[in-house]
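Right, one structure below, let's go through it.
A, B, ... follow the sequence lines: proteins, then strands. Residue 1 opens every chain.
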Amino acid sequence: MSERPEIIQARYDKLSKLQELNITAFAYKFHRTHLSAEIKDKYTELEGSGEKVRVAGRLMAIRGHGKSSFGHIWDNDGKIQFYIKYDIVGEEQYNFFKKLLDIGDIIGIEGEVFKTKTGEITVKVEKIEILSKSLLPLPEKWHGLVDKEARYRQRYLDLISNPKVKEIFIKRTKMYKAFRAFLDSQGFLEVETPILQPIYGGAFAKPFQTHLNALDLRMYLRIADELYLKRLIIGGFEKVYEICKDFRNEGVDRLHNPEFTQIELYSAYWDYRDMMDFTERMLEFVAGEVCGTTEIEYEGRAISFKAPFKRVSMLEVTAEKTGVDFRGMDYAEAKKYAESLGVDVGGKRNWGQVVEEVFSELVQADLVQPTFITDFPADISPLAKPHRDKPGLSERFEGYIAGEEVFNAFSELNDPIIQREKFAELQKLRRLGDEEAPPIDEDFLTAMEYGMPPTAGLGCGLDRLIMILTDSHSIREVIFFPLMKPEEK
RNA sequence: GGGGGUGUAGCUCAGGAGGUAGAGCAUCUGCCUUUUAAGCAGGUGGCCGCAGGUUCGAGUCCUGCCACCCUCACCA
């Protein structure tokens with residue numbers, strides 16, 4: 001029982017004293033008249049008016065001076081200083097403050113507002129009450145909570161003691177709002193599609209499996225939304241989007257969390273060039289809404305979200321960079337040249353995979369400014385339309401920022417005959433041991449056979465985008481509760 | 001999975017070459033009625049990640065394990 005560290009036991013002792021005094025340490029409610037920010041905004045009206053304000057928040061600092069004390073409480077929008085004086089509140093309340101409250105407690109105060117001689121807007125306390133006793137001590141006031149493991153496992157402590165962390169997540173929400181505002185204004189409809197799916201598809205990835213007891217059915221958590229959103233396009237919703245949690249049963253590192261967020265959007269009657277025009281306008285808008293500017297800095301490098309973005313074809317930029325033009329080569333020849341460039345293509349099973357590997361090894365890291373890389377190999381783009389002019393390529397682009405892939409888009413394949421062939425090729429890859437090639441989705445093919453309008457679609461990794469917009473090095477900094485191994489007890 | 005690093009008080013961190021465990025903040029006791037990392041004086045607080053080993057003696061050296069971080073590989 002009483003094995004508690006002294007610093008914690010002291011708080012339990014105070015709780016007992018409160019109970020002896022018949023003071024409720026865990027209140028039911030507190031009527032607030034103002035938030036801390038409102039007091040500051042309305043100071044000129046409040047000063048000298050005799051109006052009493054009631055504010056509540058977490059007690060974060062105390063500076064005692066004998067018979068008077070200063071302190072700060074933090075609420076949703078910021079902090080406010082209070083001044084409590086023996087002469088005003090009397091012996092009982094002052095001793096209650098001095099002896100029974102701790103940093104970390106949630107308290108409510110009432111009093112008039114004034115400015116100290118250093119000019120800080122301050123509440124002169126007339127009444128003070130405890131709303132919730134904090135039984136565990138908070139991290140240190142100056143350094144905050146630094147240990148990354150503790151920050152991620154106990155995010156609430158991170159949020160309490162590191163105000164900048166709160167800003168990152170506020171920006172994350174601003175990003176969602178900006179996408180919604182932009183897309184809604186352009187006639188897109190926000191929709192929801194299944195997370196639990198009997199067949200996964202729309203990307204190359206290992207899925208999470210689960211089991212539906214009612215139907216004794218193996219189910220998967222979605223790896224992408226693509227095939228369901230296209231069904232909606234077929235159904236006559238011509239512009240749709242979804243902000244979607246996807247799940248991939250793969251590695252965990254600074255760029256990957258097993259559960260992550262994308263936005264996918266589809267517009268009928270567009271091709272991938274329309275989507276590029278749209279995407280750069282949308283990204284410029286989102287960056288401006290989140291950061292207040294399109295000119296940002298990520299890991300010491302200036303990045304401009306000002307449209308238009310650079311556009312260059314994958315094969316051309318790779319040829320420029322490496323001196324090897326892979327166009328017109330067959331699989332064996334491409335492999336030979338890739339190896340001559342020092343790129344390991346041992347596990348690559350077709351021409352496109354080889355070219356993509358060379359690109360991602362030797363070119364990708366240099367794409368710091370937002371750049372559209374266009375015209376990907378057709379054999380690694382099973383859901384994209386074949387390029388109208390360039391044999392072997394597809395009408396597909398990916399967007400790179402700060403050397404990382406952030407979005408991926410196509411002129412969507414709408415020919416069910418070619419789609420079936422593409423799926424068949426994926427089944428070959430599966431049989432060759434490619435675990436990430438998705439199984440064939442007959443229901444989706446049936447939908448396509450009813451006729452799908454020409455369509456362009458885009459997927460954008462929102463975790464990576466907000467990392468860049470908040471200058472965060474790890475995906476764990478932008479996900480409230482990133483995946484952590486449970487601690488062994 | 002490979003390589004490198006970290007783990008010591010509630011928090012942030014020191015502990016040189018094996019010899020009784022340290023600081024700041026917090027906490028506790030005094031003093032202090034406009035401070036803001038308030039101040040002054042004094043005190044409490046430790047499974048040194050876990051388990052073994054070497055040694056007269058291990059926070060320190062060795063082995064194994066655990067968690068986390070960085071990095072490479074993998075991952076659209």
Within the structure shown, what part of the strands sits under 4.0 Å from [X] by heavy-atom distance: base, sugar-phosphate, or nothing?
| X | answer |
| --- | --- |
| A/F82 | nothing |
| A/R11 | nothing |
| A/R151 | nothing |
| A/E6 | base |
| A/K85 | base |
| A/K141 | sugar-phosphate |
| A/K115 | nothing |

Would you mind pulling out the nucleotide paired to [N], Watson-Crick or G-U wobble, both distances under 3.5 Å?
| N | answer |
| --- | --- |
| B/G39 | B/C31 |
| B/U63 | B/A51 |
| B/G1 | B/C72 |
| B/G46 | none |
| B/C13 | B/G22 |

Of all the nucleotides listed ([options]), which has the minimum atom distance to the side chain of [X]?
| X | options | answer |
| --- | --- | --- |
| A/K348 | B/C28, B/C75, B/A76 | B/C75 |
| A/S474 | B/C75, B/C69, B/C70 | B/C70 |
| A/H473 | B/A76, B/G30, B/U71 | B/U71 |
| A/E436 | B/U33, B/C69, B/C75 | B/C75 |
| A/A203 | B/A38, B/U27, B/A76 | B/A76 |

Report yes if at least one side-chain N or O of [X] is closer than 4.0 Å to OP1 or OP2 of [N]; otherwise report no.
| X | N | answer |
| --- | --- | --- |
| A/R153 | B/C68 | yes |
| A/R396 | B/A76 | no |
| A/K14 | B/C28 | yes |

Between B/U44 and B/G59, how far apart are the two P atoms, rounded to whole Å? 22 Å
Between A/M484 and A/K98, whichever has its closest RNA chain B nucleotide further toward 5' is A/K98
Identify whether the glycosidic angle of B/G16 places it syn (within 90° of 0) or anti. syn
Is any side-chain N of the basic residue among A/R58 and A/D75 closer than 4.0 Å to the acidic one's carboxylate O? no
Answer yes or no: is there an ion pair linking A/K390 with A/E395, defined by an N-O contact shorter than 4.0 Å? no
At a heavy-atom distance below 4.0 Å, what parts of residues 356-381 of chain A sit against RNA chain B? A/E356, A/I380
Taking the side chain as C-beta and beyond, is there a heavy-atom pair between A/Q419 and A/L383 under 4.5 Å? yes
Quick one: are A/R349 and A/L429 in side-chain contact, heavy atoms under 4.5 Å? yes
Between CG of A/L426 and P of B/A76 the distance, given in whole Å, is 12 Å
Euclidean distance, atom NZ of residue A/K124 to atom C1' of B/U33 [Å, nearest integer]: 11 Å
With hydrogens left out and only the distance checked, is there a donor-acceptor pair under 3.5 Å joining A/S68's side chain and the base of B/U34? no
Between the base of B/U35 and the side chain of A/E120, is there any donor-acceptor pair under 3.5 Å? no
Lys/Arg cation over aromatic [Y]: [X], 6.0 Å, 45° cone:
| X | Y | result |
| --- | --- | --- |
| A/K67 | A/Y86 | yes |
| A/R301 | A/Y298 | no |
| A/R222 | A/F247 | no |

Please report whether the ring centroid of A/Y156 lies less than 6.0 Å from that of A/F481. no
Got a sec, which residues hit salt bridge (charged side-chain N to carboxylate O under 4.0 Å, His left out) with A/R63, two or more places apart in sequence or on another chain? none
Treating primed atoms plus P, OP1 and OP2 as sugar-phosphate and everything else as base, which nucleotides of nucleotides 4-12 of chain B get B, S or - for protein heavy atoms under 4.0 Å? ------BBS
Students often mix this up, so state it plainly: with edges at 30° and 60°, are the rings of A/F309 and A/F372 parallel, tilted or perpendicular? tilted
Report the relative orientation of the aromatic rings in A/H65 and A/F70; use parallel for angles under 30°, tilted for 30 to 60°, perpendicular for over 60°. perpendicular
